[in-house]
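What follows is a single structure, written as structure tokens, with notes after it.
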Amino acid sequence: MSTTNTAPVTRPTLDNWISIVSLGVIWGGTFMIVAIALRGYGPVTVAAARVALGGLALVGLALASGRPFPRLDGLLVAFLLGLGLLNAALPFLLLAWGQQHVPSAFAGLSMAVLPLFLLPLAHVFVPGDQLTPRRSAGFGMGLIGAIVLLGPGVLAAGEGDLAALGRLACIAATLCYAVSSIMTRRCPPMDAIWLSAAILVVAALGLVPAMLWFEGVPGPATPGQMGAIVALGLVPTALAGLLRVRIIRTAGPGFMTLVNYQVPVWSIVFGVTLLGEDLPGRFYVALALIAGGLFVSQSGRKA
């Protein structure tokens with residue numbers, strides 16, 4: 001999700017570099033934490049707890065810092081409803097469901113496709129951000145990487161193969177993030193922390209009732225699984241959202257794209273070393289193709 005700059009963009013500082021690496025580690029480790037939480041809870045519960053805890057944390061922060069409550073109108077409410085669905089509720093649920101059937105590293109790798117999905121969407125919906133021959137070549141290269149990532153077995157999704165459906169769910173989550181990024185850029189002005197909090201609250205209003213209906217009130221699990229649920233709401237959802245806002249405002253949205261190169265790498269590192277996941281060779285081929293497509297499409301772009 002992108003935000004509107006409120007200060008002139010300056011050359012990235014050491015603090016910016018530390019923040020961007022930290023954000024890559026946090027988001028890259030999210031998929032491992034989701035995998036741990038899914039050992040004790042259902043996917044709807046994992047997604048609902050994530051948005052509810054993250055929303056509460058950000059609302060508390062906004063109130064504690066004395067930020068004035070934003071003035072709402074019909075257009076802003078419509079954007080918040082759409083962003084709550086496409087930036088949080090639906091992708092969190094798709095990822096949690098998909099990770100029941102695919103390695104956590106796959107979910108992390110699928111996020112690398114996000115900036116490539118953004119290219120054609122920005123071409124249509126964002127004035128002055130049209131596709132160039134370089135960006136088109138990068139998009140094509142990354143698209144091949146996404147196809148390699150999905151693998152030939154994805155065709156079995158139509159026959160109900162859960163592994164294939166899980167891979168498609170993760171890619172669908174990435175597409176949700178891409179659409180919501182465009183919506184965020186076109187969203188009426190709103191305080192960044194209140195915007196992030198409102199999106200999570202809207203998502204919670206949809207996911208918490210769904211959790212109660214489909215999976216019931218969550219009960220106790222192992223300390224690690226309960227800790228994973230809490231960590232999901234507070235670290236990759238609330239804390240990472242604040243880091244993202246800080247990076248964009250001080251170093252620019254172009255610098256922020258560097259996190260897209262890190263997330264899949266960290267997700268593979270955590271998945272292989274800490275969860276013992278055995279990844280097929282095509283995952284690494286796909287990573288190389290997607291990273292190459294990102295490099296080609298982003299080269300020459302100013303922050």
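The first residue in the sequence is number 1, and the count goes up from there. What you see is a predicted model, and the numbers here were worked out from it, not measured in a lab.
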**OP:** Say whether Ser104 and Gln99, considering side chains only, have a donor N or O and an acceptor N or O under 3.5 Å apart.
**Re:** no
**OP:** Compare every heavy atom of Leu86 with every heavy atom of Met183, then report the nearest pair and how far apart it is.
**Re:** SD-CD1, 3.7 Å
Subject >> From CA spacing to verdict: side-chain contact (heavy atoms from CB on, under 4.5 Å), Leu239, Leu234 >> reply: CA-CA 6 Å; Leu239 175 61; Leu234 299 183; over 6 Å; no
**OP:** Decide yes or no for Tyr284 and Leu289: does some side-chain heavy atom of the first lie under 4.5 Å from some side-chain heavy atom of the second?
**Re:** no
**OP:** Please answer whether the main-chain N or O of Tyr41 pairs with a side-chain N or O of Thr45 as donor and acceptor at a distance below 3.5 Å.
**Re:** no
Original post:
Looking only at heavy atoms, which two atoms of Val102 and Ala163 are closest? And how far apart?
Top reply: CG1-O, 3.7 Å
**OP:** Give a yes or no answer on whether the side chain of Ser110 reaches the backbone of Ile171 with a donor-acceptor pair at less than 3.5 Å.
**Re:** no
Original post:
Is the count of non-hydrogen atoms from other residues, nucleotides or ligands lying under 6.0 Å from Asp73 atom CG greater than 12?
Top reply: yes
Subject >> Check: Leu232 main-chain N/O paired with Thr237 side-chain donor or acceptor under 3.5 Å >> reply: yes
**OP:** Identify, with sequence neighbours excluded, every residue that meets ring-ring contact (aromatic ring centres under 6.0 Å, His included) alongside Phe106.
**Re:** Phe283
Original post:
If only atom types and distance count, is the side chain of Arg50 paired as donor or acceptor with the main-chain N or O of Gly233 below 3.5 Å?
Top reply: no
**OP:** Could you verify whether a donor N or O on one side chain and an acceptor N or O on the other, from Asn16 and Thr13, lie under 3.5 Å apart?
**Re:** yes
